[in-house]
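Quick caveat: nothing in here was measured; it's all calculated off a predicted structure. One-based numbering, in listed order, for ligands and for the atoms of each.
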Amino acid sequence: MKQRDWHTDVIVHMPWMSPLPPGIKCDAIRWHSVLHRDLQNWGVGKKNPPCGIQEKSYCNHSAKWHIDFKEDMGPFFRTQNANFCAAHTMIYLNETKAEKVRLYEWLRKNHNLVNKIRFVHGLPEFEWNDHL
Ligand SMILES: [Zn+2]
């Protein structure tokens, strides 16, 4: 069984995560495709205002989760509470300090639930480590 399957079963219990129906795009930005002019004044004398992040710079996978972020994620998101594909969800759960603290607090409190889910998936017990 793929590792992703037990992650899905765990994430669905996190109160700030909601599963999305198919057909919604991921809000994450692929930064390597963002141009200088998208973010800063550009051209002769820097007279042109920033173009803004272009549609092609957004991830083109379907969103799997809606995330209510703990803190403002800054101006580079379509919404503060973003829709993310599976891969971007994993990245963002660990990306910011506030998200990491919330995730690890939840894991500490729900250690038994996580192990029940892992047991159903035939996985060994998750050893809680306070240094995580
Ligand atoms: Zn994505």
Side-chain angles (χ1 to χ4, degrees):
M1 199 167 287
K2 278 185 257 161
Q3 209 186 30
R4 200 162 54 215
D5 298 325
W6 79 270
H7 282 159
T8 299
D9 289 355
V10 170
I11 289 171
V12 81
H13 291 282
M14 297 177 183
W16 66 97
M17 305 287 291
S18 343
L20 290 169
I24 295 168
K25 276 193 76 183
C26 176
D27 288 330
I29 294 159
R30 297 176 306 146
W31 287 103
H32 64 269
S33 71
V34 175
L35 302 174
H36 186 76
R37 67 158 65 163
D38 295 343
L39 302 175
Q40 299 191 26
N41 283 6
W42 59 281
V44 179
K46 301 221 177 267
K47 281 185 193 136
N48 304 302
C51 302
I53 292 173
Q54 304 298 298
E55 196 56 36
K56 67 173 171 56
S57 295
Y58 286 94
C59 173
N60 49 25
H61 290 118
S62 293
K64 184 172 166 123
W65 300 101
H66 177 86
I67 310 177
D68 289 317
F69 285 118
K70 203 167 168 66
E71 59 186 17
D72 191 344
M73 295 301 280
F76 300 127
F77 287 88
R78 286 199 253 238
T79 55
Q80 186 189 330
N81 299 319
N83 301 319
F84 279 161
C85 69
H88 279 114
T89 297
M90 290 308 163
I91 293 166
Y92 278 87
L93 281 179
N94 277 291
E95 178 94 338
T96 72
K97 183 121 196 289
E99 290 304 323
K100 219 169 178 166
V101 166
R102 174 163 67 173
L103 174 64
Y104 289 172
E105 272 171 8
W106 188 90
L107 285 171
R108 184 179 289 123
K109 277 191 207 132
N110 295 280
H111 182 243
N112 290 335
L113 171 69
V114 173
N115 275 333
K116 268 185 214 157
I117 291 165
R118 285 179 63 87
F119 180 79
V120 168
H121 285 265
L123 293 163
E125 274 202 11
F126 166 74
E127 295 244 357
W128 179 256
N129 173 356
D130 275 323
H131 303 291
L132 270 178

(message) For a distance under 2.8 Å, give residue and atom name for each protein N, O or S atom next to the Zn ion (ligand 1).
(response) Cys26 SG, Cys59 SG, Cys85 SG, His88 ND1
(request) State plainly whether the residues Glu99 and Arg102 are in salt-bridge range, i.e. N to O under 4.0 Å. (result) yes
(message) The criterion is side chain to side chain contact (heavy atoms under 4.5 Å, CB included); which residues satisfy it with His32, sequence neighbours excluded?
(response) Arg30
(message) Whether Glu55 and Lys25 form a salt bridge (side-chain N of Lys/Arg under 4.0 Å from carboxylate O of Asp/Glu) is what I want to check.
(response) yes
(request) Please list, chain by chain and in numerical order, all residues satisfying side chain to side chain contact (heavy atoms under 4.5 Å, CB included) with Asn112, sequence neighbours excluded. (result) none
(message) For Lys56, give me all partners under side chain to side chain contact (heavy atoms under 4.5 Å, CB included), at least two apart in sequence or on another chain.
(response) Gln54
(request) Kindly compute the distance separating CG (Leu20) from CH2 (Trp65), expressed to the nearest 0.5 Å. (result) 9.0 Å
